[in-house]
Amino acid sequence: MFSRLMSGSVRSLDREFNCTVRLLDDTEYTCTVQSDAKGQWLFEQICHHLSLLEKDYFGIRYVDPDKQRHWLEFTKPITKQIRSQPPFTMCLRVKFYPPDPAALKEEITRYLVFLQIKRDLYHGRLLCRSSDAAMLAAYILQAEIGDYDPGKHPEGYSSKFQFFPKHSERLERCISEIHKTDLMGQTPETSELNFLRKAKTLETYGVDPHPCKDVSGNAAFLAFTPFGFVVLQGNRRVHFLKWNEVTKMKFEGKTFCIYANQQEDQKIILTYFAPTPEACKHLWKCGVENQAFYQFEKSSQVRTVSSSNVFFKGSRFRYSGKVAKEVMEQSAKIRREPPDIHRAGMVPSRSCPSITHGPRQCSVPQTRRRAVHISIMEGLESLRDSGHSTPVRSTSHGGSFMSTHASGAEGRNTTAEFSEESYSPSDSVLPTPVFSNCSLDQSSGDNTNGSPGIQETCSPDKAGEAFNPDKGRFAGTRGGATHLGKQSTSSIEVERLSEVIASLARLFLVTLTLLFALLLVLIALTESELDVAFLRDIRRTPEFQQFHYEYFCPLRRWLACKLRWMGGHLIDK
């Protein structure tokens, strides 16, 4: 009896594993998960741990042994998605950026989004002008250390903190000046709210870049934002497609294609190539989920999509969560006392540890966690932030800054030198060197999502013309795009017709092959010596007798004769 109980307990332990999820404030949540538990169960545990109700904007990210990023699917068991061995390590990240983060219902949700965007700023995913960067950094400084105090904050105090991997002295002076003069008296909640309002106006807000190459072999980054699909090359946004303009996304192998209708007489096909088939599939799934989340009015309108319209090929996928409009309607119904928020203090630079601000607090309850202190110089957070950042190599973009190299997956970065007039918040292939006099009044300009963001000026004779947000269309050819007007509409119809014909031909061949195989199996079963009742009944039918003596036996004798002839011919040789 005792041995049976022991064996049963061992089996139950074998069905459990430990899982660690790194949260946005760099604390860790660890729990024991059953082997058959689905992703939804783990996500609900984390949301309960954080007292988070507006949870549909967030997701859990992990990296497989091949360094490929994935979003954990909530409808599937965890063990069937992660190919590595337990214990598992994952990250909680913002999966769908709110179109207006300042309009979120609860402060805890706004704070978590604030932490995500602050992380984006540091890792080079949120690119902006120097003036915008100074304002964002000043908001962070005000939110985390409070009002400027000459007794606590000596000259050059802003250089002790890492808002970006590298600061210029001029940018540090701008940050300090804004913090001293413009933000006095703002509470952390107000500063975070202003930070979110400012970040929303930038063109790269919500960008999670996927590295690809265009048809010419040039490096490009594809990304999905709350407002649509964007393509970044060098320091420019070369393509922008609103979600209601995108008609189809598909992939095959490493090739990713996106189809769009910008006007009745203008169609566009963008073709790019991902590093691996797995990266291409991840890109496609992210696109399908983002379009479903931001475009549809109800989740019941979401349909299963296929990566290809060719029979017996491609992947099928369906977004299974709520859409943005449903999330906002559900948030408006929240009625509860706001949960307490324990804001994390900012970590000074490792090279300048002179300024301290007391013990660091975690932004989550004290149960089942341990604080993880960030080391800035060691800090691209190899696995920790490979769940969100995109490790890439940078390229040279003229004389405004030097060539740099970064590897987010391995947690290394080299020193980069930037000119005084240029600003890039990360050693990334997505720099935005722009000229700015770093004045305190911020330049304003409207674009597709209401942001001044990345400048899109370039020389048409060198790189093609940029996207014109005022006209809502592309003025020239760039990257992997094929622009289609009235004259080329027929070519699209011919292409679609050829795809349909190829699909029908493949279906016919597969059907014919299956019928032939089924016939061979039937003949083998009926001619065999198996003594089965239904086979005996088949053999006794008049039809089978006629088929056997008039067709099968002559065919068998003919084949045997041919085989003997070929065997004798080979022996004679």
Side-chain angles (χ1 to χ4, degrees), residues 4-96 108-109 112 116 278 281-282 285-286 288-289 292-293 299 302 304 315-323 326-327 330 339 362-372 381 383-388:
R4 286 198 299 270
L5 290 174
M6 289 297 295
S7 62
S9 62
V10 170
R11 283 196 298 269
S12 64
L13 289 175
D14 291 339
R15 296 176 57 189
E16 296 178 349
F17 59 88
N18 289 329
C19 182
T20 299
V21 179
R22 289 173 176 144
L23 307 178
L24 283 161
D25 65 347
D26 294 298
T27 60
E28 294 184 351
Y29 173 80
T30 302
C31 62
T32 302
V33 181
Q34 298 292 327
S35 61
D36 58 348
K38 295 183 179 180
Q40 184 67 40
W41 182 88
L42 177 62
F43 184 66
E44 293 293 341
Q45 296 298 310
I46 297 170
C47 293
H48 177 73
H49 175 71
L50 295 171
S51 297
L52 179 64
L53 294 183
E54 295 174 289
K55 55 192 175 183
D56 297 275
Y57 298 106
F58 300 86
I60 299 176
R61 205 163 213 171
Y62 66 94
V63 181
D64 66 19
D66 297 327
K67 304 300 181 183
Q68 174 58 48
R69 303 176 302 164
H70 300 275
W71 288 107
L72 188 70
E73 294 188 38
F74 295 161
T75 58
K76 296 182 180 180
I78 299 173
T79 53
K80 292 186 178 181
Q81 300 182 61
I82 303 180
R83 291 187 284 133
S84 59
Q85 295 297 322
F88 299 139
T89 301
M90 292 172 273
C91 303
L92 179 72
R93 295 292 182 261
V94 173
K95 185 176 183 180
F96 304 111
I108 180 65
T109 316
L112 293 176
Q116 176 68 73
E278 292 75 16
K281 184 176 182 180
H282 175 64
K285 290 176 68 175
C286 289
V288 170
E289 290 188 310
F293 183 81
S299 56
V302 179
T304 301
S315 301
R316 294 174 62 82
F317 179 72
R318 183 181 185 274
Y319 170 64
S320 57
K322 296 184 179 69
V323 298
E326 292 176 333
V327 174
Q330 184 176 356
C362 298
S363 66
V364 294
Q366 298 291 331
T367 57
R368 309 187 73 173
R369 71 169 183 212
R370 69 179 180 84
V372 179
E381 302 186 6
L383 177 61
R384 182 177 309 171
D385 209 63
S386 63
H388 197 100

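Computed over heavy atoms, backbone and side chain alike; hydrogens, waters and symmetry mates excluded. Model, not experiment: these values are computed from the prediction.
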K.L.:
Given Ser320 and Thr75, is the side-chain hydrogen bond (donor to acceptor under 3.5 Å, both in side chains) satisfied, shown in steps?
P.N.:
CA-CA 8 Å; Ser320 57; Thr75 58; 4.7 Å; no
K.L.:
Which heavy-atom pair separates Gln116 from Val94 by the least distance, and what is that distance?
P.N.:
OE1-N, 3.0 Å
K.L.:
Looking at Gln45 and Cys31, would you say the former's side chain and the latter's main chain have a donor-acceptor pair under 3.5 Å?
P.N.:
no
K.L.:
Are Trp71 and Arg93 close enough, and set up right, to give a side chain to side chain contact (heavy atoms under 4.5 Å, CB included), and what steps lead you there?
P.N.:
CA-CA 10 Å; Trp71 288 107; Arg93 295 292 182 261; 3.9 Å; yes
K.L.:
Keeping the roles fixed (side chain from Asp66, backbone from Gln68), state whether a donor-acceptor pair exists under 3.5 Å.
P.N.:
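Judged by distance alone, no pair lies under 3.5 Å.
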K.L.:
Checking Lys80 now: which residues fulfil salt bridge (charged side-chain N to carboxylate O under 4.0 Å, His left out) with it, not counting sequence neighbours?
P.N.:
none
K.L.:
Suppose we screen for side-chain hydrogen bond (donor to acceptor under 3.5 Å, both in side chains). Which residues come up paired with Lys38, at least two apart in sequence or across chains?
P.N.:
none
K.L.:
For Cys19 and Val33, work out which heavy atoms get closest and say how close.
P.N.:
CB-CG2, 3.9 Å
K.L.:
Go through the structure and list residues passing side-chain hydrogen bond (donor to acceptor under 3.5 Å, both in side chains) with Asp64, not counting sequence neighbours.
P.N.:
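Here the qualifying residues are His70, Arg83.
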K.L.:
Do any N or O atoms from the side chain of Arg318 and from the backbone of Val302 form a donor-acceptor pair under 3.5 angstrom?
P.N.:
yes
K.L.:
After noting the C-alpha distance and the side-chain angles of Glu289 and Phe96, does the key distance pass the side chain to side chain contact (heavy atoms under 4.5 Å, CB included) rule?
P.N.:
CA-CA 9 Å; Glu289 290 188 310; Phe96 304 111; 4.1 Å; yes
K.L.:
Check whether any side-chain N or O of Glu73 sits under 3.5 Å from a backbone N or O of Gln81 as a donor-acceptor pair, and report yes or no.
P.N.:
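Flag not set: sc Glu73 to bb Gln81 has no pair under 3.5 Å.
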K.L.:
Heavy atoms only: give me the nearest Gly321-Ser299 pair and the separation to one decimal.
P.N.:
O-CB, 3.6 Å
K.L.:
Ring centres of Phe88 and Phe17 under 6.0 Å apart?
P.N.:
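Yes, the ring of Phe88 comes within the 6.0 Å limit of the ring of Phe17, centre to centre.
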K.L.:
Phe74 and Phe43: aromatic ring centres closer than 6.0 Å?
P.N.:
yes
K.L.:
For side chain to side chain contact (heavy atoms under 4.5 Å, CB included), just list the numbers for Lys322 and Phe293, CA-CA rounded to whole Å, side-chain angles, deciding distance to a tenth of an Å, and then say yes or no.
P.N.:
CA-CA 7 Å; Lys322 296 184 179 69; Phe293 183 81; 5.7 Å; no
K.L.:
Can you tell me how far apart OG1 (Thr32) and CG (Asn18) are? Round to the nearest 0.5 Å.
P.N.:
4.5 Å
K.L.:
What I want to check is whether the side chains of Gln40 and Glu44 have a donor and an acceptor closer together than 3.5 Å.
P.N.:
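Distance-only check passes for Gln40 and Glu44.
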K.L.:
Any chance you could lay out the side chain to side chain contact (heavy atoms under 4.5 Å, CB included) test for Leu50 and Lys55, step after step, and finish with the verdict?
P.N.:
CA-CA 10 Å; Leu50 295 171; Lys55 55 192 175 183; over 6 Å; no
K.L.:
Whether the side chain of Thr79 engages the backbone of Ser35 through a donor-acceptor N/O pair (distance < 3.5 Å, no angle test) should be reported.
P.N.:
yes
